Amino acid sequence: MEAHFPTAFFEGKKVHLGVCGSIAAYKALELLRALCRANLRVTVTLTEAAARFVSPLSFQSLGAERVFTSMFAPAGAAPQDSPLSSPFGHLAPGAEADAFVIAPASATTLARLACGLADDLLAAQALAWSGSLLLAPAMNPRMWNNAATRENCATLARREHIILRPEQGRVACGEEGEGKLPDLRLIYLHCLKALSPGDLSGKKVMLTLGPTREPWDAVRFWSNHSSGRMGAALAVCAWLRGAEVYALCGPVAPWLPPRINRLDVITAADMLFQAEKLWPDMDMGIFTAAVADFAPEPFGDKKFKKSGQEAFSISFFPNPDILCKLGRVKKPGQLIVGFAAESERLEENARHKLDSKNADLMVANLIGVPGSGFSGTCNTALILDRKGRRESLPTMPKSDLAWRILDWLSTL
Ligand code: PMT
């Protein structure tokens, strides 16, 4: 999965993964791997049809703690040979799991769930589960669009189960339409969301992320090395924890789930324009973007020719400081997190930025050293807050740092 998705904080949580008969069943193996990499404990149920596409052994080999395949032991088998090894095993995942996902979910299983039937093991387990199910359907587009399937989905949505719409595209039988298993990244993140604390629900969070790009001539621009990873990690963690998230993304920014409101911008002026529109309605602003402090005096819309040129100079003019401008109009109750990218005197410079920009929290990171700052997947941060507190954090994945920063915000 993507480097900006969190992996810590979910260790030991239990997910039950149901898999239905579909050619997309093999993708459930990839989902299992991602969940296991985040140190989640995963049990699996394969429907009879699913077990024709993928084998229980594949799931066991990739880390599933237990794989259920049928309600009853084969006739004549000893009770300990039962896949459930207890007469009430069909109730076990429902009682023990922290999240229950079915991916791929077939039309038959959706129908069983909508009707409350418990005539196969997966449906019985789902019926004995009291929380929201996460359902990721995959099927032929005509089956998906059939009134029966639509009504079953509407029924399940009314009961507050989460249904991720299948994707548009060419399905295994060659037909085009809506029916492909939703993006695995989305299914994975929704699993994590089901396990997240929800402490930011009801909050609106705006983030700036990535670099800005300041055009000079028809082909060249002024920019920096920001990958947008730090900001994307914060956007994802805030969304997982229940916030309504608005991400103002510079021209380089990683994939974000569609439920995050993403606004793509190019220049510092574009970013400021969007940020000023959103800010009055926000509870928090998190400014990770490496905004170009200066922009070149534009050469124009033609390409600058090198012929006859040896050395030349370009004039630069200052760009607006977005954080500073919004910090000045911050209302009581609004929180601002700034980032300070420094090559020297980290704490002194960051403390100055915290005060001068009217931020509540400043995350300082050194640039030009391994495991910190631009581009990589890890960062090393010093956190300073307006109450005078500080915490020096070791090098860790940007996604884990993002989670820690949000923890800090709740203490302000
Ligand atoms: O994107 P990555 O590759 O993951 O890298 C992450 C990062 C290094 C970009 C990030 O961790 C970081 O440090 N972001 C801030 C970079 C920066 O521009 O720092 P600064 O010290 O120049 O600015 C201080 C603060 O003011 C920042 O919150 C910045 O977003 C904001 N600012 C700065 C200038 C400007 N014109 N407008 C701003 O809003």
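Being a predicted model, the structure only gives us computed values, none of them experimental. Just so you know, these numbers use all the heavy atoms, side chains as well, and skip hydrogens, waters and symmetry mates. Each ligand, and each atom within it, is numbered from 1 in the order the structure gives.
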Inset, instruction - Distance to 0.1 Å, residue and atom name: give those for the protein heavy atom nearest to atom 29 (C) of ligand 1. - result: A289 O, 3.4 Å
Inset, instruction - Please write down residue, atom name and distance for the protein heavy atom closest to atom 19 (O) of ligand 1. - result: A341 N, 3.5 Å
Legend entry - Short N or O distance, G376 and ligand 1, threshold 3.5 Å exclusive: no
Legend entry - Identity and separation of the nearest protein heavy atom to atom 2 (P) of ligand 1: S227 OG, 3.4 Å
Legend entry - Identity and distance of the protein heavy atom lying nearest atom 11 (O) of ligand 1: N365 OD1, 2.6 Å
Legend entry - Whether A268 lies under 4.0 Å from ligand 1, heavy atom: no
Inset, instruction - Tell me whether the guanidinium CZ or amine NZ of R262 lies under 6.0 angstrom from the six-membered ring centre of W255 and within 45° of its axis. - result: no
Inset, instruction - Show which atoms of ligand 1 fall inside a sub-4.0 Å distance from at least one heavy-atom site of M230. - result: 4 (O), 6 (C), 11 (O)
Inset, instruction - Kindly determine whether T43 and E65 satisfy side chain to side chain donor-acceptor pair (under 3.5 Å), including the steps that lead there. - result: CA-CA 5 Å; T43 49; E65 286 193 351; over 6 Å; no
Legend entry - Side chain, backbone, both or neither: P211 near ligand 1, heavy atoms under 4.0 Å: neither
Inset, instruction - Look at ligand 1 and say whether M362 reaches it with a heavy atom at a distance under 4.0 Å. - result: no
Legend entry - Residue and atom name of the nearest protein heavy atom (relative to atom 34 (C) of ligand 1), distance in Å to one decimal: D293 OD1, 3.2 Å
Legend entry - Proximal atoms of ligand 1 relative to T288 (non-hydrogen, under 4.0 Å): 9 (C), 10 (C), 12 (C), 14 (N), 15 (C)
Inset, instruction - Check N379 against ligand 1 and report side chain, backbone, both or neither, counting heavy atoms closer than 4.0 Å. - result: side chain
Inset, instruction - Using a strict cut-off of 4.0 Å, indicate which atoms of ligand 1 neighbour a heavy atom of F287. - result: 27 (C), 28 (O), 30 (O)
Legend entry - Nearest non-hydrogen protein atom, atom 24 (C) of ligand 1: F339 O, 2.9 Å
Inset, instruction - Taking only heavy atoms of G228 into account, list the atoms of ligand 1 that are under 4.0 Å away from them. - result: 1 (O), 2 (P), 3 (O)
Legend entry - Element-labelled atoms of ligand 1 that are located less than 4.0 Å from some non-hydrogen atom of R229: 1 (O), 2 (P), 4 (O)
Legend entry - Distance-only N or O hit between ligand 1 and I367, under 3.5 Å: no
Legend entry - V363 and ligand 1 - part of the residue with a heavy-atom distance under 4.0 Å: neither
Inset, instruction - Decide yes or no on side chain to side chain contact (heavy atoms under 4.5 Å, CB included) for L121 and T47, but give the supporting numbers first. - result: CA-CA 7 Å; L121 181 59; T47 62; over 6 Å; no
Inset, instruction - For the residue pair F10 and W403, categorise the inter-ring angle as parallel (less than 30°), tilted (30 to 60°) or perpendicular (more than 60°). - result: perpendicular
Inset, instruction - Determine, using heavy atoms of N319 and all atoms of ligand 1, whether some pair is separated by less than 4.0 Å. - result: no
Inset, instruction - Please say which of I336, L326, I322, D321 ends up in a side-chain contact (heavy atoms from CB on, under 4.5 Å) with K357. - result: D321
Inset, instruction - Please name the residue in the list H190, H161, H16 that meets the ring-ring contact (aromatic ring centres under 6.0 Å, His included) test with F100. - result: H16
Legend entry - For G338, the ligand 1 atoms whose distance to one of its heavy atoms is below 4.0 Å: 28 (O)
Inset, instruction - Please identify which atoms of ligand 1 are closer than 4.0 Å to at least one heavy atom of A340. - result: 21 (O)
Legend entry - Closest protein heavy atom to atom 26 (O) of ligand 1, given as residue, atom name and distance to 0.1 Å: K357 NZ, 2.9 Å
Inset, instruction - Flag the pair E167 / D183 as yes when at least one side-chain heavy-atom distance between them is below 4.5 Å, and no otherwise. - result: yes
Legend entry - Under 4.0 Å to a heavy atom of K398 - the qualifying atoms of ligand 1, by number: 2 (P), 3 (O), 4 (O), 5 (O)
